[in-house]
**Student:** 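Below you will find the structure I want to go over with you.
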Amino acid sequence: MLNIQQNTKRVRDEIEDYSQQQQQRRRKRQYHPSSIITPSIIHDFTLKAYTHQHGIVDVQLSKILTDFRCAVLFCYAHDFTQQAQSDLRLIEEHAERLIHTYQTAPLALSTDHSQIHYAFTCSSNGLNFKPTFPLISDHLRLITNHLGILDREQGCSKRAVFILDPMRNIYHTIHLQENEQFPMATIINMVASCTTNNIPIQL
């Protein structure tokens, strides 16, 4: 009888250990960059965006890429968060260099509505600065889902960066952990490489 009880306890312990190991593996797959399947080319899109210069407008990716040598799509989770303030301010600090030195369009995208973007840039508890780049609204989650960065539990985008050439090929992808800053030095280096080596600019 004692042996049966010991064997039963050992089996329960083994099952519990295995269950814990499986949960750990699932968590690692959820957050590890290599577990995210990214397409090689991004679909063209036309989405609402807020810009400081023109208010809420339609933004078409292919049209932007006719005017620039490259684009950097910065994806973040939610407006009105400390993380969003930090992310967007960091983009703003490098926007002029991206635009004028590398002829690269910085684009910020979240699943917030364009009206939320507008409120975020104007509210006292919002950005406290006017971004020189568009805040794109993917409120239907079409692009974040296409790129494999939709957080289905939270209903928002995971934080990631996509560097795009003029044909909408994804030249480089960076996936970020929570509270990890956009690695702007790496992004600048990849943009420099993309703008040097990519195909001729569309006219």
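Excluded from the calculations below are hydrogen atoms, water molecules and symmetry mates; all remaining heavy atoms, backbone and side chain alike, are included. On a predicted model such as this, the values are computed, not experimentally measured, just so you know.
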**Student:** Is a donor on one side and an acceptor on the other found under 3.5 Å between the side chain of Glu92 and the backbone of Thr132?
**Tutor:** yes
**Student:** Between the main-chain N or O of Asp112 and the side-chain N or O of Ser137, is there a donor-acceptor pair closer than 3.5 Å?
**Tutor:** yes
**Student:** Between Asn128 and Arg89, is any side-chain donor less than 3.5 angstrom from a side-chain acceptor?
**Tutor:** no
**Student:** A cation-pi test, strictly: NZ or CZ of Arg159 under 6.0 Å from the centre of the six-membered ring of Phe182 and no more than 45 degrees from its axis. Yes or no?
**Tutor:** yes
**Student:** Donor-acceptor check, side chain of Gln83 to backbone of Asn179, threshold 3.5 angstrom: yes or no?
**Tutor:** yes
**Student:** Enter the distance from Ile91:CD1 to Tyr76:OH here, rounded to the nearest 0.5 Å.
**Tutor:** 8.0 Å
**Student:** Are Tyr118 and Phe129 linked, directly or through intermediate hydrophobic residues, by side-chain heavy-atom contacts shorter than 4.5 Å (ILVMFWY only)?
**Tutor:** no
**Student:** Got a donor-acceptor contact below 3.5 angstrom from the Gln85 side chain to the Gly126 backbone?
**Tutor:** yes
**Student:** Does the plane of the ring in His175 sit parallel, tilted or perpendicular to the ring in Phe162? Use 30° and 60° as the thresholds.
**Tutor:** perpendicular
**Student:** Hey, could you give me the NE2/OG1 distance between His94 and Thr104, rounded to the nearest 0.5 Å?
**Tutor:** 13.5 Å
**Student:** Please round to the nearest 0.5 Å and tell me the distance separating atom CG of Asp44 and atom CE of Met167.
**Tutor:** 11.0 Å
**Student:** Please round to the nearest 0.5 Å and tell me the distance separating atom CD of Gln82 and atom CG of Asp87.
**Tutor:** 10.5 Å
**Student:** Taking atom CD of Gln60 as the centre, does the number of heavy atoms from other residues, nucleotides or ligands within less than 6.0 Å exceed 12?
**Tutor:** yes
**Student:** Could you tell me whether a side-chain N or O of Arg69 sits under 3.5 Å from a main-chain N or O of Val191, the two making a donor and an acceptor?
**Tutor:** no
**Student:** Looking at Ser110, is its backbone amide N or carbonyl O close enough to the side chain of Asp138 to form a donor-acceptor pair, meaning the two atoms are under 3.5 Å apart?
**Tutor:** no
**Student:** Spell out, yes or no, whether Ile170 and Leu150 are grouped together once hydrophobic residues are joined by side-chain heavy atoms under 4.5 Å, including indirect joins.
**Tutor:** no
**Student:** Mind listing the closest non-hydrogen atom pair of Cys70 and Leu164 along with its distance?
**Tutor:** SG-O, 3.2 Å
**Student:** Could you measure the distance from the CZ atom of Phe45 to the CG atom of Leu73? Nearest 0.5 Å is fine.
**Tutor:** 6.0 Å
**Student:** Side chain to side chain contact (heavy atoms under 4.5 Å, CB included), that's the test. Do Thr186 and Val161 meet it? Break it down for me.
**Tutor:** CA-CA 11 Å; Thr186 299; Val161 180; over 6 Å; no
**Student:** Other residues, nucleotides and ligands only: do more than 12 of their heavy atoms fall within 6.0 Å of CD on Glu178?
**Tutor:** no
**Student:** For Leu176 and Gln181, which heavy atoms make the closest approach, and how far apart are they?
**Tutor:** CD2-O, 3.0 Å
**Student:** OH/Tyr102 to OG1/Thr195 distance, rounded to the nearest 0.5 angstrom?
**Tutor:** 7.5 Å
**Student:** Side chain to side chain contact (heavy atoms under 4.5 Å, CB included), that's the test. Do Lys48 and Val57 meet it? Break it down for me.
**Tutor:** CA-CA 6 Å; Lys48 294 291 183 184; Val57 296; over 6 Å; no
**Student:** Identify whether Phe74 and Leu135 are in the same connected component of the hydrophobic contact network (ILVMFWY, side-chain heavy atoms under 4.5 Å).
**Tutor:** yes
**Student:** Which heavy atom in Lys63 sits nearest to a heavy atom in Thr66, and how many Å separate them?
**Tutor:** O-OG1, 2.6 Å
**Student:** Can you list the steps and then say if Ile64 with Val59 is a side chain to side chain contact (heavy atoms under 4.5 Å, CB included)?
**Tutor:** CA-CA 8 Å; Ile64 291 171; Val59 168; 3.3 Å; yes
**Student:** Quick check: does any side chain N or O of Glu180 sit under 3.5 Å from a backbone N or O of Gln177, one acting as donor and the other as acceptor?
**Tutor:** yes
**Student:** Do Thr173 and Ile163 come close enough that some side-chain heavy atom pair is under 4.5 Å?
**Tutor:** no
**Student:** Given side chain to side chain contact (heavy atoms under 4.5 Å, CB included), test Leu61 with Ile42 step by step and report yes or no.
**Tutor:** CA-CA 9 Å; Leu61 179 60; Ile42 185 172; 3.7 Å; yes
**Student:** Does Ser123 use its side chain to pair, donor to acceptor, with the backbone of Phe120 at less than 3.5 Å?
**Tutor:** no
**Student:** Within the side chain of His139, is there an N or O that forms a donor-acceptor pair under 3.5 Å with the backbone of Ser114?
**Tutor:** no
**Student:** Kindly work out whether a path of hydrophobic side-chain contacts (I/L/V/M/F/W/Y, heavy atoms less than 4.5 Å apart) joins Ile174 to Leu88.
**Tutor:** yes
**Student:** Is a side-chain N or O of Thr81 found less than 3.5 angstrom from the main chain of His78, in a donor-acceptor match?
**Tutor:** yes
**Student:** Checking side-chain hydrogen bond (donor to acceptor under 3.5 Å, both in side chains) for the pair Ser193/Tyr171: CA distance, chi angles, key distance, verdict?
**Tutor:** CA-CA 10 Å; Ser193 176; Tyr171 185 79; 2.6 Å; yes
**Student:** Which heavy atom of Pro166 sits nearest a heavy atom of Leu65, and at what distance?
**Tutor:** O-CB, 3.9 Å
**Student:** Could you report the tightest heavy-atom contact between Phe133 and Ala95, atom names first, then the distance?
**Tutor:** CD2-CB, 4.3 Å
**Student:** Honestly curious: do Ile56 and Leu47 fall in one hydrophobic cluster under the side-chain, below-4.5 Å linking rule?
**Tutor:** no
**Student:** Lys130 and Thr121: which non-hydrogen atoms are nearest, and at how many Å?
**Tutor:** NZ-O, 3.2 Å
